[in-house]
Amino acid sequence: MLGEGMEEGWVVCLLSKCRNLKSTKQIHCHMVKTGLHADPFVFGKLLLHCAVSISDALHYSLSLFHHFPNPDTFMHNTLIRGLSLSQTPLFSLHPFIQLRRLSTLSPDSFSFAFVLKGVANSRQLRPGIQLHSQAFHLGFDTHIFVGTTLISMYAECGDSLSARRVFDEMSQPNVVAWNAALTAAFRCGDVEGAGDVFGRMPVRNLTSWNAMLAGYAKAGELGLARRVFYDMPLRDEVSWSTMIIGFAQNGCFDEAFGFFRQLLREGIGANEVSLTGVLSACAQAGAFEFGKILHGFLEKAGFLYVGSVNNALIDTYSKCGNVAMARLVFQNMPVARSIVSWTSIIAGLAMHGYGEEAIQLFHEMEETGVRPDGITFISLLYACSHSGLVEEGYGFFSKMKNVYGIEPAIEHYGCMVDLYGRAARLHKAYEFICEMPVSPNAIIWRTLLGACSIHGNIELAELVKARLAEMDPDNSGDHVLLSNVYAVAGKWKDVASIRRTMSEHSMKKTPGWSMIEIDKVIYCFVAGEKPNEVTKEAHEKLREIMLRLRVEAGYAPQLRIVLHDIEEEEKEDSVSKHSEKLAVAFGIAKLPKGRILRIVKNLRVCGDCHTVMKLISKIYGVEIVVRDRSRFHSFRDGFCSCRDYW
DNA sequence: CTCCCCCGAC
């Protein structure tokens, strides 16, 4: 038998090795048997472990807490801390208030710092102000730790002035407080103010420089980020990752790739964060070949043992059109599958039109005991809406609320509107919008307008367009959608009137572009661009293809395109050709037979192009994979994987 | 510093 002190140390050490609730409960049992659970120090460690170190054990720590006689301040603080990091951070107020009411105990600086963190995470300004005043009365507001948290809290709650004031009133801010002020300014969208703080900092460590990089990148100020990057006296892995991720998130994939290559060239080497960043760039750009190279590299370097890298790979393969590889990565993961892994594969299957399989995986996930989050349900609802699974979608929407207690966000309501709208239940979709408890944003109305354009409902489209005109009058896409509704109905006068309004207000239409990779070179075709050598060749091939489609398949262009030709007849013939048709034509001209044509497009594929692709796949015997704005179309032998529902 | 996230725009 071990001595008492040794037993104590041994239990605490064992506890720190427990990664889940089950093994932690075994330690707890042992503690009860040996009587150690009554020791406030050991019990406090157990509580901390359940509340903070392992996930999904917060409820267990709450019940432990309630069964402990006279819990001390540390135990209260542990509970506050655990709750502040949970899905319901505002609940951290409860143990804090309880602690304040006790006559035998009182809150300390930790209590304030943790509860302020909870308030910051809940973005609720009012309790934040009350806590600030309490901290002031008890003299904790001058505590550097509390003061720093106050700055972050005000910034998170959107009160930039108060954040600024707390910082200005600090007598001797340390570097952590300076960094908090810097991050706070960025958080409030005050890019200039952040630069100002940075300029006045007495000491700058690497963290401050990296915070500047991250802040500029998040604000889309990539030029400024780049300048700071080259001005830095010292760069670490974080600096490099921040640049790669910053460029990737702002759609500058070439730069993201460039920084990654430079990172390798300079011998610093990739870590798991820079790898997820560069993989995310591949995913968004549809860079399948580069993604495969990275996969080989990271496998050899042992990065497959990192969960996030697997997740990024799953997403990359899905978004590059190879859902089979995505599945394989998911199945062979040598580490535990997190909620992100499950959500990634569900989203991947969904965007490839495998709605039933996505649902199947969701059920497997539930059986495994992984708890879905709000994003999982967005992906699942997306799967249902894009596969026409209306009843199933509604079922999951209810389950999300009633079984998992997840309050639907505007995105979930958006999915539901899409679900009904795509399935031609336009009035149901409209009713749903009117009855939902949050006020609809432009995206919600635009979803319904999109549905009206698919199903040709002029009355509803006009009503919805009027709403959009109030909320987002400068959006050219909405005008285009309404004009499409008119065009399908043959109401040319109304179409012309919209076009006139658009040119009078000099509204710019987003140009459509399509990319195809041939021999490691990416060719990008933009609708309406000036002809060059490449586009000329593509046009020639396209003319030949279209002729063959007319002769052999009786193809006739759809109304919208006819209209288009009339309107733009004085322009170059090239303008009337959609970029995805050009990319396909170029691919047929250049790629060897039997190769899959992989195309990435920035907008949604139009009805006419969809028909043309189906015919090309049949007549030319090629497989075409098109990644549209939000999903994949796989054309083979005259059919598309979306079953014409998209 | 990260991975998964509703709509639409030729």
Side-chain angles (χ1 to χ4, degrees), chain A residues 207 210-211 213-214 217-218 236-246 248-249 271-280 283 306-316 318-319 338-348 372-382 385-386 408-419 421-422 441-451 453 468 472 475-484 507-514 526-528 560-561 563-564 568 575-581 601-609 629-630:
Chain A
T207 315
N210 284 339
L213 289 182
K218 208 156 263 171
D236 67 355
E237 289 178 328
V238 175
S239 328
W240 284 93
S241 306
T242 306
M243 292 308 278
I244 293 166
I245 288 158
Q249 286 179 342
N271 69 1
E272 64 248 44
V273 183
S274 53
L275 272 169
T276 53
V278 73
L279 282 169
S280 163
V306 181
S308 60
V309 171
N310 284 274
N311 303 340
L313 259 182
I314 293 167
D315 189 45
T316 301
S318 295
K319 295 210 172 117
S338 72
I339 183 59
V340 179
S341 325
W342 286 98
T343 304
S344 300
I345 192 68
I346 289 171
D373 64 9
I375 301 176
T376 315
F377 278 103
I378 291 175
S379 306
L380 192 59
L381 293 174
Y382 174 97
S385 84
H386 288 258
I410 191 104
E411 289 87 349
H412 300 100
Y413 291 109
C415 289
M416 290 307 288
V417 173
D418 196 51
L419 179 76
R422 235 176 257 283
N441 60 12
I443 293 179
I444 298 277
W445 289 117
R446 197 164 294 139
T447 305
L448 186 54
L449 185 57
S453 105
L468 278 164
D472 194 2
N475 191 306
S476 63
D478 297 339
H479 290 268
V480 172
L481 267 179
L482 185 62
S483 92
N484 285 347
M507 281 185 177
K508 285 213 172 70
K509 285 181 285 183
T510 314
W513 55 254
S514 298
V526 183
R560 287 182 208 184
I561 302 304
L563 164 82
H564 200 95
E568 318 261 319
V575 188
S576 68
K577 301 297 194 298
H578 284 181
S579 57
E580 60 265 49
K581 288 200 191 91
K601 182 177 163 57
N602 66 332
L603 307 169
R604 289 196 60 194
V605 117
C606 88
D608 183 64
C609 285
R629 167 77 213 184
S630 77

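Residue numbers start from 1 in every chain, and the chains themselves are labelled A, B, ... in the order their sequence lines are given, proteins ahead of strands. Given the structure is predicted, the values throughout are model-derived calculations rather than measurements.
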Taken to the nearest whole Å, CG/L603(A) to P/dC7(B) is 14 Å
Across the strands shown, which category fits D478(A) at heavy-atom distances under 4.0 angstrom: base, sugar-phosphate, nothing? nothing
With sugar-phosphate meaning primed atoms plus P, OP1 and OP2, does R604(A) contact a base, only sugar-phosphate, or nothing at under 4.0 Å between heavy atoms? sugar-phosphate
Atom CH2 of W445(A) and atom C1' of dC7(B) are separated, to the nearest Å, by 14 Å
Output for pair (E272(A) CD, L279(A) CG), nearest 0.5 Å, gives 12.5 Å
When rounded to whole Å, the CG to P distance for the pair D472(A) and dG8(B) reads 15 Å
With S341(A) as partner, the option from L313(A), N310(A), N311(A) fulfilling side chain to side chain contact (heavy atoms under 4.5 Å, CB included) is N311(A)
Only one of L448(A), I444(A), D478(A) passes side chain to side chain contact (heavy atoms under 4.5 Å, CB included) with L468(A), and that residue is D478(A)
Heavy atoms of R422(A) and S385(A) approach each other most closely as CD-O, 3.5 Å
Looking only at heavy atoms, the pair that brings I346(A) and S379(A) closest together is CG2-CB, 4.1 Å
In whole angstroms, the gap separating C1' of dC7(B) from CG of L419(A) amounts to 14 Å
Contacts of N602(A) meeting side chain to side chain donor-acceptor pair (under 3.5 Å) (sequence neighbours excluded), chain-then-number -> none
Letter by letter from the 5' end, nucleotides 1-6 of chain B scores (B base, S sugar-phosphate only, - none; protein heavy atoms under 4.0 Å) BBBBSB
